Amino acid sequence: MGTGITIGQIQKLLGARLLCGETMLGTEVHSACGADLMSDVLAFVKEQSVLLTGLLNLQVVRTAEMMDMKCIVFVRGKVPDEAILTLAEARGIAVMSTDCRMYSACGRLYAAGLVGLE
Amino acid sequence: MSDVVKLHYDVDGDNFMAAGEASSTVKNVLKRLGFGEDLVRRAAICLYEGEINMVIHANGGTIDVSVSPQTIEMVLQDQGGGIPDIEQAMQEGFSTASDRVRDLGFGAGMGLPNMRRYADSLEISSEPGQGTRVTMTLNIAPA
C-alpha cells in the first residue's frame, strides 16, 4: 500500500466539490480504484477506500458500501441525485464531484501516492 | 454463539434501484455478530452479486441466510427463466444481460465468477422455466 492521503487532500487534488461527508475530510485512505463496471470493483476483496466512477446510480453507493469504501468520486462533472447522496450519507461515505475525466483524476491521485491494488 | 441465526428477505424484481437492500442488511447483521472484516466483505460481495442477478434476470426472489457457529449459508431462490447452461454462465464475460443492465454497471458476466471466487462453496441448480437456486457457503474460521 502507498502512503495515505486524506479525503480532504483528494478533494483539493481534483478540484472537486464535496457533496456529502464533511466529517470525513480528515479520514486517511490508502488505496483507490477507478471503474464504471461495479462487478470489477467487487472482484477484489482487499480494502480499497476510494471509488472513482463515471457511473451515476444508487448501485454505486451499494457497491461502495459492500466494499467498506470511504469515498466516492464522480468524474467528468457528474452530479448525483438526492437519493444517491442520502444513501451515501447514511452509510458514512463521502461523495464528491470533479470536472476531471477518469484517466486524469486517477492519474492525479496516483501521482500523489494513492495507489491501486495489484 | 451457539444459536443459529436465520434471516429471510423477499427481493423485489421490479426495482433495480432497490436491489442490494437485503445484502446491506445481512452485511450489518454479520458485522454485529462480530465476524472479521474480510469474511463479512466476502459474504456481502457474494450476496450482493446474487441479489443483483435475481433482480436483473429473474424478477426477484427470496434470500435465506443462516449463520451457525461453523458456516454462513446463503440460499437465493427465484422463479425466473432458469440457466440453460450453468457451465457457460460461470465463464467470465458470458452474459445474457440487456444493454440497459450494462448501462447500470452490471451484466458484464462477472457476477457468478465473483461469487465463485469469494464463497467457499457455490452450488447452482436450475432448470429452464423452473427458476434457479443458488447456495453459497462461507466457512467461519475457528477463533
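Given the structure is predicted, the values throughout are model-derived calculations rather than measurements. Note that these values count all heavy atoms, side chains included, but never hydrogens, waters or copies made by symmetry.
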Can you find a pair of side-chain heavy atoms, one from A/S39 and one from B/E49, that are under 4.5 Å apart? yes
Can you confirm whether B/F106 sits close enough to A/T63 that some side-chain heavy atom of one is under 4.5 Å from a side-chain heavy atom of the other? yes
Can you say whether B/L47 sits under 4.5 Å from chain A via the side chain, the backbone, both, or neither, judging by heavy atoms? neither
Just wondering, are more than 12 heavy atoms of other shown residues or ligands nearer than 6.0 Å to CD in A/E28? yes
Would the distance check show the side chain of B/Y118 and the main-chain N or O of A/V45 forming a donor-acceptor pair, the cut-off being under 3.5 Å? yes
Counting only heavy atoms from other residues, nucleotides and ligands, does the tally under 6.0 Å from CZ of A/F44 exceed 12? no
With distance as the sole test, does A/Q59 use its side chain to make a donor-acceptor pair with the main-chain N or O of B/F16 at under 3.5 Å? yes
On a heavy-atom basis, the closest approach of A/M66 and B/G20 is CE-O, 3.8 Å
Once you round to the nearest 0.5 Å, how far does CG of A/D40 lie from CG of B/N114? 8.0 Å
What part of B/A19 is in contact with chain A, defined as an atom under 4.5 angstrom from a non-hydrogen atom: side chain, backbone, both or neither? both
Taking side chain as C-beta onward, heavy atoms only, is B/M17 less than 4.5 Å from A/L87? no
Considering only heavy atoms, which portion of B/R41 lies under 4.5 Å from any heavy atom of chain A: side chain, backbone, both, or neither? both
Are more than 12 heavy atoms, taken from residues, nucleotides or ligands other than A/R76, located less than 6.0 Å from that residue's CZ atom? no
With a 4.5 Å limit on heavy-atom distance, are the side chains of A/D68 and B/K27 in contact? yes
Answer yes or no: are there more than 12 heavy-atom neighbours, outside B/R133 itself, under 6.0 Å from its atom CZ? no
Are there more than 12 heavy atoms of other residues, nucleotides or ligands under 6.0 Å from atom CD of A/E22? no
Side-chain heavy atoms of B/L104 within contact of A/M38, under 4.5 Å: no
